[in-house]
Amino acid sequence: MAVLSDILSQGVPVPAHRPWPRVMVSARLWKLAAQGLADGHWSLLDLSAEAAAVHMTLFEERTTSVAVISLDCPKGRFPSVGSVHAPAIRLERTIQDLFGLIADGAVDTRPWMDHGVWGVRHPLGEVTEPAGESAGYAFLAAEGESLHRIPVGPVHAGIIEPGHFRFTANGETVVRLEERLGYVHRGIEGLMRGADIGRAARLAGRVSGDSTVCYALAFARAAEVAVDVDVPARAHWLRALMAEMERLANHLGDIGAICNDAAFAFMHAHCGVLRERVLRAADTCFGHRLMRDCIVPGGMAVDLDDPGVAVIDALMAEIRRRFPALVKIYDNTASLQDRTVGAGTLDPALAQRFAAGGFVGRASGRLFDARRMIPYAPYGQLRFEVPLLVEGDVNARVWIRIREVEQSLALIDQILAAMPAGDICTGLPAGGGEGMALVEGFRGDVLVSLRLGESGKIERCRMRDPSWFQWPLLEAVIEGNIVADFPLCNKSFNCSYAGHDL
Amino acid sequence: MRSLLLQGLFRRPLTEAPPVPDAADLAALADHLDIAARRRLGRSLSIRHVDAGSCNGCELEVHALNNAFYDLERYGLRFVASPRHADVLFVTGPVTRNMREALERTYNATPSPKWVVAVGDCAADGGLFGGSYAVEGGVSRVIPVDLHITGCPPNPTALLKGLLSLMER
Ligand code: SF4
């Protein structure tokens, strides 16, 4: 059974789940779906849970369709997906930590988010007392003569988020990297339960600071489809404008930061100036440098006036004037290329298997961009290209980002030219429902699944960052590189800690 | 590249005039700061940043302090890689339970005299994350705090004002 619709037709549909179907399935169908993932028939978008059920979100590339299958697990167990499809392993470990549901046959049962200090176990399922002194975290073994280990973090040497990296090296060469994450776990899924829509939207905007627009947009879309209401056209266009400005700011900052990790501070300084210009324009136009809390369920909290349009026009002109010279320098500086070409290479097959989103996937031949594959307004009306490379090294990831900067500039022009006039917000009608949204952030696709109760309060909100499927790939690409190239490889991925840990 | 370098020599710098620290910040600090400590540290401070569970928004603005507009180093302020080199800890986030120990250890590894600046609304009282099973709810629950800089995130000017108030007075 290699067609998603076959599995769906055998399940029991859940009514009022929008815009994609969700069906309840048997354990047999659940296992078939997992096998389909392993065989590459579709890719895993998410694996999540509730107190007594698990949900698997699948994407079938051939038909560009998304579907959710759900399995009740009254006995607290479900068949492991990770045992056949590695991208699910960390998701299963998280489900075990937060909900106490056990994946039967799981290959890795170590805790992931739970570091043993919350004072509770399974905070979102059947809450129990902690078991007592934890035995410490069992890092995977790497044995051999002359191997040494380098522990790094959670407090890093720079201004970055916390996480732990355990390198095993043979001289300078990395033979294994193991990540340990969860340090930024704030329990957002728990805080969401019972929250009203306004508080929930602000929480969603604080999952990951560099993607605050993307998360607010994904959350708002999920809420709007859940209660089946559409926002005024102008709101869609303003949202896309903000999303492209966020992409621009992040790409500009990161291109410079990657070069900085190759000891080329010149690019960092110049790209930093351009990034700052974007943030200042956002502040002038929308009242917040990161455009936080600007997108709300039902529409927009701020509008763009004519002086604002002029500010963005001037910004576009400035970036167009300065950016090409920087690209030329990147392209012509051999000492820089020497560090980025061939470093941290991600095999296209692995990118495909992990459904790597964003520039990580697109630099390794995986052509997926939610704006194009599963378009949402107004992208269906906009012209843009999705750049693609197959080399998969640091250099390829830089080039994808350079091309995306150019695409975002073109998109912003089109958006400003065609922005419809009118209202920017409708009320969100009372009532419940289930909704999902997949939104392309600068880092990749962010997925939000939401269930609103009849009272309008949040019953369940799951937000899946693209980093879930990029972090494990970072472990893979660093193998065989030298320790000193890790910062470069890491920055070229720029996975989110906060978005992953939630 | 040469033309860009030349432009860099002859164009007016982008760097902006320093902001004036807020009177309120200064007053708050006066209560906390040991004058002798300040005299010993002089007008140059090394800052160690610790993310104790931030959404990363605060980090983005802390980063911005190093760009050409704010150019932190001209004040004798710089970010350092180790708490052992630091006079000031710059702590962001609501302090997750999973980060509590790392924050305490970083604080203990920082030589005295030292100051702790809690950066952002989360660091003040947990912000929107307060009440979660996974957060402590503010930096002062874990280590003593000398100065709060509010905002979500505080913009670079607010961060600069806060830092300058540490050195002036
Ligand atoms: S104060 Fe705001 S920006 Fe800073 S960590 Fe908290 S939510 Fe993020």
Side-chain angles (χ1 to χ4, degrees), chain A residues 113-115 117-120 123 127 153-162 182-188 190-191 199 202-203 205-212 249 253 257 266 268-270 272-273 275-276 279-280 283 288-290 292-293 322 325-326 328-329 332-333 496-499 501, chain B residues 1 3-5 7-8 14 47-71 79-83 90 92-103 105-106 109 120-122 126-135 152-153 155-156:
Chain A
M113 289 293 167
D114 187 350
H115 294 193
V117 291
W118 292 338
V120 291
V127 182
V155 178
H156 298 297
I159 304 166
I160 26 175
E161 302 182 81
Y183 293 93
V184 209
H185 179 70
R186 290 149 288 166
I188 295 181
L191 288 167
R199 173 177 156 80
R202 282 187 298 134
L203 270 170
R206 282 160 182 76
V207 170
S208 178
D210 53 22
S211 304
T212 181
F266 177 87
H268 186 45
H270 280 271
V273 167
R275 175 187 158 83
E276 178 71 19
L279 299 190
R280 288 181 172 203
D283 197 20
H288 194 286
R289 285 162 53 89
L290 305 177
R292 181 158 268 164
D293 301 331
R322 307 226 175 272
L326 299 176
K328 216 159 127 198
I329 288 172
N332 291 337
T333 306
S496 171
Y497 298 72
D501 292 355
Chain B
M1 170 144 63
S3 66
L4 265 176
L5 284 174
Q7 276 180 32
L14 294 167
I47 310 160
R48 174 62 247 194
H49 158 258
V50 186
D51 178 338
S54 152
C55 78
N56 189 36
C58 283
E59 278 59 39
L60 296 174
E61 296 297 55
V62 172
H63 260 294
L65 286 175
N66 282 321
N67 75 29
F69 292 88
Y70 303 105
D71 187 23
F79 285 95
V80 293
S82 164
F90 230 47
T92 61
V95 188
T96 59
R97 298 240 148 97
N98 288 353
M99 269 306 284
R100 181 188 175 120
E101 185 189 340
L103 176 61
R105 286 207 204 183
T106 308
D121 292 347
C122 286
L128 228 50
F129 305 110
S132 165
Y133 63 87
V135 308
C152 180
N155 62 34

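In the text below, chain A, chain B and the rest are named by the order of the sequence lines, each starting its count at 1. As the structure is a computational prediction, the values presented were derived from the model and not from experiment.
- Neither the backbone nor the side chain of B:Val95 comes within less than 4.5 Å of any heavy atom of chain A.
- The greatest number of non-hydrogen atom pairs below 4.5 Å with chain A, out of B:Ala134, B:Gly57, B:Gly131, is found for B:Ala134.
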- [ ] Kindly indicate, with the supporting measurements, whether the criterion side chain to side chain donor-acceptor pair (under 3.5 Å) is fulfilled by A:Glu161 and A:Tyr183.
- [x] CA-CA 9 Å; A:Glu161 302 182 81; A:Tyr183 293 93; over 6 Å; no

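- Residue A:Tyr497: no heavy atom, backbone or side chain, is found under 4.5 Å from chain B.
- With contacts defined as side-chain heavy-atom distances shorter than 4.5 Å, the pair A:Val184/B:Ser54 does not qualify.
- Interface residue A:Arg292: only side-chain heavy atoms are found under 4.5 Å from chain B.
- Using a 4.5 Å cut-off between heavy atoms, A:Leu203 contacts chain B through both its backbone and its side chain.
- Residue contact with chain A, scored on non-hydrogen atoms closer than 4.5 Å, involves the side chain of B:Tyr70 exclusively.
- Proximity to chain B involves both the backbone and the side chain of A:Ile159, based on heavy atoms less than 4.5 angstrom apart.
- Proximity to chain A involves both the backbone and the side chain of B:Cys152, based on heavy atoms less than 4.5 angstrom apart.
- Looking at A:Arg289, its side chain never comes within 3.5 Å of a backbone N or O of A:Arg280 through a donor-acceptor pair.
- Between the CG atom of B:Leu60 and the CG atom of A:Leu279 there is a distance of 8.0 Å, given to the nearest 0.5 Å.
- In this structure, the side chains of B:Arg97 and B:Val135 stay at 4.5 Å or more apart for every pair of heavy atoms.
- Residue contact with chain A, scored on non-hydrogen atoms closer than 4.5 Å, involves the backbone and the side chain of B:Pro153 alike.
- Of the atoms belonging to B:Glu101, not a single heavy atom falls under 4.5 Å from chain A.
- A donor-acceptor pair under 3.5 Å is formed between the side chain of A:His185 and the backbone N or O of A:Asp501.
- Proximity to chain B (any heavy atom under 4.5 Å) is shown, for A:Arg206, by both the backbone and the side chain.
- Between the B:Asn98 side chain and the A:Gly182 main chain, a donor and an acceptor come within less than 3.5 Å of each other.
- Contact annotation: the side chain of B:Met99 never approaches that of B:Leu103 to less than 4.5 Å [non-hydrogen atoms, C-beta and beyond].
- For B:Leu14, the part sitting under 4.5 Å from any heavy atom of chain A is the side chain, from C-beta outward, and nothing else.
- No donor-acceptor pair closer than 3.5 Å links the side chain of A:Arg186 to the backbone N or O of B:Tyr133.
- From B:Asn67, atom CG reaches atom NE2 of B:His63 across 11.0 Å, with rounding to the nearest 0.5 Å.
- If you tally non-hydrogen atom pairs under 4.5 Å between each of B:Cys55, B:Cys58, B:Gly126, B:Ala81 and chain A, the highest count goes to B:Cys55.
- Chain B forms more heavy-atom pairs under 4.5 Å with one residue of A:Gly209, A:Ala157, A:Gly499, A:Pro123 than with any other, namely A:Ala157.
- Contact of B:Phe129 with chain A is made through backbone and side chain together, with heavy-atom distances under 4.5 Å.
- Of the two parts of A:Val117, the backbone and the side chain both hold a non-hydrogen atom closer than 4.5 Å to a non-hydrogen atom of chain B.
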- [ ] For B:Arg48 and A:Val155, run side-chain contact (heavy atoms from CB on, under 4.5 Å): C-alpha distance rounded to whole Å, both residues' side-chain angles, the deciding distance at 0.1 Å, then the answer.
- [x] CA-CA 10 Å; B:Arg48 174 62 247 194; A:Val155 178; 3.9 Å; yes

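- Within the 4.5 angstrom heavy-atom criterion, only backbone atoms of A:His156 (N, CA, C, O) approach chain B.
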